[in-house]
Amino acid sequence: MAKPEFRLELPGWVETYLGSYGDKFDSSESRMRLAVGLSRRNIEEGTGGPFGAAIFARDTGRLIATGVNMVTSLGCSIWHAEMAAIARAQMRLRTYELGRDEPMELVSSCEPCAMCLGAVPWSGVSRLICGARDEDARAAGFDEGAKPADWIDELAQREIEVIRDVLRNEAAAVLADYAAGGGEIYNG
């Protein structure tokens, strides 16, 4: 029996945007620069909320997949940037367990909301790199949901490293600009 196929297409501008980056992602900052750039471009293009994410091979920096927030453009509450990046990486690698063959990391322009936090351990990534903090998203009006106060320790118990505040000012500025510009605050 053939497996069903599901495709999640990102907005058309993403491929062109990625072409301007090449394949040089040799640091947490360069990887975060991509995630923050995706978040800013997503609001400039009017294709979703102010969040961007990407999955990288942890050791080599090879870009596996990207994601942008498409909640408002698709009318579906689960299409956060992290969820899109995870889903697209798993489909590309044809595995529900990222990191099976090589360590993977999720780079997100913001700390995860409750839903995305729940997806991190199941995705198979071994590192989560965050730009803006939960309080930055809340300051912009987003409801990040109920998360354990010790979520970082809980991920560490599952051998998932968390690195915070990578380009935080730049990532938080995208959230603030979105709110100041009247961007739609869903689930707020």
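All values below were derived from every heavy atom in this structure, side-chain atoms included, with hydrogens, water molecules and symmetry-related copies excluded.
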With a 3.5 Å cut-off and no angle check, do the side chains of Glu82 and Ser108 form a donor-acceptor pair? yes
Looking only at side chains, do Asn42 and Tyr178 share a donor and an acceptor under 3.5 Å apart? no
Do the non-hydrogen side-chain atoms of Leu63 and Leu18 ever get within less than 4.5 Å of each other? yes
I'd like to check Pro11 versus Val68 (side-chain heavy atoms, cut-off strictly below 4.5 Å). Are they in contact? yes
Ignoring hydrogens and angles, tell me if any N or O in the side chain of [X] forms a donor-acceptor pair with the backbone of [Y] under 3.5 Å.
| X | Y | result |
| --- | --- | --- |
| Ser126 | Ile160 | no |
| Arg41 | Val14 | no |
| Lys147 | Asp134 | no |

For the pair Glu102 and Arg62, evaluate side chain to side chain contact (heavy atoms under 4.5 Å, CB included) and give the outcome as yes or no after the intermediate values. CA-CA 11 Å; Glu102 63 181 314; Arg62 179 171 57 97; 2.3 Å; yes
So Arg133 and Glu144, salt bridge (charged side-chain N to carboxylate O under 4.0 Å, His left out) or not? Walk me through it. CA-CA 11 Å; Arg133 288 213 179 181; Glu144 296 298 277; over 6 Å; no
Leu8 and Met91: CA distance, side-chain angles, deciding distance, side chain to side chain contact (heavy atoms under 4.5 Å, CB included) verdict: CA-CA 9 Å; Leu8 174 63; Met91 287 185 283; 4.1 Å; yes
Is the charged tip of Arg158 near the ring of Trp122: under 6.0 Å from the six-membered ring centre and within 45° of its axis? yes
With the threshold set at 4.0 Å, does a side-chain nitrogen-carboxylate oxygen contact exist between [X] and [Y]?
| X | Y | value |
| --- | --- | --- |
| Glu9 | Arg88 | no |
| Glu105 | Arg31 | yes |
| Arg100 | Glu97 | yes |

For Cys116 and Met83, which heavy atoms make the closest approach, and how far apart are they? SG-CG, 3.8 Å
Under 4.5 Å between side-chain heavy atoms, counting indirect links through other Ile/Leu/Val/Met/Phe/Trp/Tyr residues: same cluster for Val36 and Val162 or not? no
Using the rule given for ring pair (Phe, Tyr, Trp, His ring centres under 6.0 Å), can you reason through Phe51 versus Phe142, listing the C-alpha separation, both sets of side-chain angles and the distance that settles it, and then say yes or no? CA-CA 11 Å; Phe51 303 95; Phe142 289 97; 5.1 Å; yes
